[in-house]
Amino acid sequence: MAAGMVKRKSYMLLHRASSASSPFLPAFFLSSSRNFSVAKNIDFESGITLQEARTWDEGVSSKFSTTPLADIFKGRKIVLFGLPGAFTGVCSKAHVPSFLKHANSLKGKGAEDIICVSVNDPYTINAWAEKLGAKDKIKFYGDFDGKFHKLVGLDLDLTGALLGPRSQRYAAFVEDGHIKVINVEKVPSEFKVSDAETLIKSL
């Protein structure tokens, strides 16, 4: 195992399940365990950046600028949550609404920003955030090439759901780049530990 990594348990989508137990994924998916490692720290020297949610015109006017990880996390206390994709079931109906509902409580626990990161382009995630009415309380960033989630060990292959490389469903508290708390769902169709209320109890 690489230095600075924490062992976590995740699940691969392999076998059959009922649609009732998997609202996010098609009924023919179930999970089988595998081990994966989550980074203890976010590497500011990696050269990896995120893309702030914006319209296409804003992207053009900014010359498609990106945001270094240090600008987001260095010297700051951040609530970070990630999800498989914009405009998808659990992400839209439960995950974002949970953090939107409890934003003030999270700020009361010391969070300076609440940030959602998804493996999407910044234009798609912007349209989604606007549809959810969430941009006033949550900052949204795209991880268009998935490099951020690979860096922190939270990438996930969802080719079986026609989504390709994506991320785990998770919630974390990050202080000055150090991942202090991390809750990762066993499968992305579940929403049991990555909600805002569970994270608040850990802070």
Side-chain angles (χ1 to χ4, degrees), residues 10-13 17-31 50-56 58-59 67 72 78-107 111 113-146 148-149 152 154-174 181-201:
S10 181
Y11 291 77
M12 294 177 64
L13 309 168
S18 69
S19 57
S21 66
S22 187
F24 174 76
L25 295 170
F28 50 86
F29 289 102
L30 182 65
S31 45
L50 292 173
Q51 311 84 48
E52 189 171 2
R54 70 196 98 169
T55 66
W56 174 259
E58 288 170 338
T67 307
I72 300 171
I78 301 295
V79 165
L80 172 69
F81 69 101
L83 37 80
F87 293 103
T88 54
V90 176
C91 307
S92 298
K93 295 176 182 178
H95 208 166
V96 171
S98 171
F99 283 85
L100 189 58
K101 179 180 179 180
H102 296 286
N104 291 338
S105 295
L106 289 163
K107 293 289 182 71
D113 275 321
I114 302 167
I115 291 175
C116 175
V117 181
S118 176
V119 182
N120 287 108
D121 63 78
Y123 323 112
T124 297
I125 202 170
N126 183 69
W128 180 55
E130 289 185 344
K131 182 177 180 180
L132 294 175
K135 290 186 72 176
D136 288 343
K137 294 187 176 182
I138 301 171
K139 292 186 177 180
F140 290 80
Y141 286 87
D143 177 24
F144 83 97
D145 54 8
F148 171 73
H149 284 101
V152 295
L154 288 165
D155 54 308
L156 178 67
D157 184 0
L158 290 177
T159 299
L162 306 181
L163 292 171
R166 295 283 175 157
S167 79
Q168 305 279 350
R169 185 182 303 285
Y170 65 91
F173 186 76
V174 183
V181 180
I182 179 79
N183 300 324
V184 186
E185 299 291 353
K186 291 181 178 180
V187 287
S189 58
E190 292 185 350
F191 189 57
K192 297 179 179 179
V193 300
S194 62
D195 59 290
E197 288 182 279
T198 299
L199 186 62
I200 287 168
K201 292 174 184 177

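In what follows, every heavy atom counts, from backbone to side chain, and hydrogens, waters and symmetry copies are set aside.
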Check your understanding: Where do A111 and V79 come nearest, in terms of heavy atoms and distance?
Key -> CB-CG2, 3.6 Å
**Study point:** Test side chain to side chain contact (heavy atoms under 4.5 Å, CB included) applied to Y123 and R54, step by step
**Key:** CA-CA 5 Å; Y123 323 112; R54 70 196 98 169; 4.0 Å; yes
Point to revise | Distance in Å, F81 CZ paired with I138 CD1, rounded so as to fall on 0.5 Å steps | key: 4.0 Å
Point to revise | Side chain S167, main chain L154, donor-acceptor under 3.5 Å | key: no
Practice item. Apply the test side chain to side chain contact (heavy atoms under 4.5 Å, CB included) to residues I114 and K107: give CA-CA distance (whole Å), side-chain angles for both, the deciding distance (0.1 Å), then the verdict. Key: CA-CA 8 Å; I114 302 167; K107 293 289 182 71; 4.3 Å; yes
**Study point:** Contact check, side chains of V119 and P165, non-hydrogen atoms, under 4.5 Å
**Key:** no
Review point. Quick one: are F140 and V96 in side-chain contact, heavy atoms under 4.5 Å?
Key: yes
Check your understanding: Is a side-chain donor-acceptor pair under 3.5 Å present for E52 with T67?
Key -> no
Review point. So, for N120 and R166, which heavy atoms are closest and what is the spacing to 0.1 Å?
Key: ND2-NH1, 3.4 Å
Revision key, fill the gap. CG of N183 to OG1 of T198, rounded to nearest 0.5 Å, is 6.5 Å
Practice item. Flag the pair V193 / V184 as yes when at least one side-chain heavy-atom distance between them is below 4.5 Å, and no otherwise. Key: no
Check your understanding: For F191 and S98, which heavy atoms make the closest approach, and how far apart are they?
Key -> CZ-CB, 3.8 Å
Study note, to complete from the structure: Rounded to the nearest 0.5 Å, the CZ atom of F148 sits from the OG atom of S118 at a distance of 12.0 Å
**Study point:** Flag side-chain contact, heavy atom, 4.5 Å: P84 against L158
**Key:** yes
Check your understanding: Of all heavy-atom pairs between L199 and A171, which one has the smallest distance, and what is that distance?
Key -> CD2-CB, 4.4 Å
Point to revise | Reported CD-to-CZ distance for the pair E190 and R169, which is rounded to 0.5 angstrom | key: 10.0 Å
Please tabulate, one pair per line, all N/O donor-acceptor pairs under 3.5 Å involving side-chain atoms of residues 128-137, not counting sequence neighbours.
residue	atom	partner	partner atom	Å
W128	NE1	S92	OG	2.8
K135	NZ	N126	OD1	2.5

Practice item. Starting at CG of L156, measure out to CD of E185 and round the result to the nearest 0.5 Å. Key: 12.0 Å
Check your understanding: I125 and Y141: which non-hydrogen atoms are nearest, and at how many Å?
Key -> CD1-O, 3.4 Å
Revision key, fill the gap. Across all chains, not counting sequence neighbours, the salt bridge (Lys or Arg N to Asp or Glu O under 4.0 Å) partners of D113 are R76, K139
**Study point:** Interatomic distance, C116 atom SG to H95 atom NE2 [nearest 0.5 angstrom]
**Key:** 7.5 Å
Check your understanding: How about V90 and L83: do any of their side-chain heavy atoms sit closer than 4.5 Å?
Key -> no
Review point. Do the rings of Y170 and H149 sit parallel, tilted or perpendicular, given the 30° and 60° boundaries?
Key: perpendicular
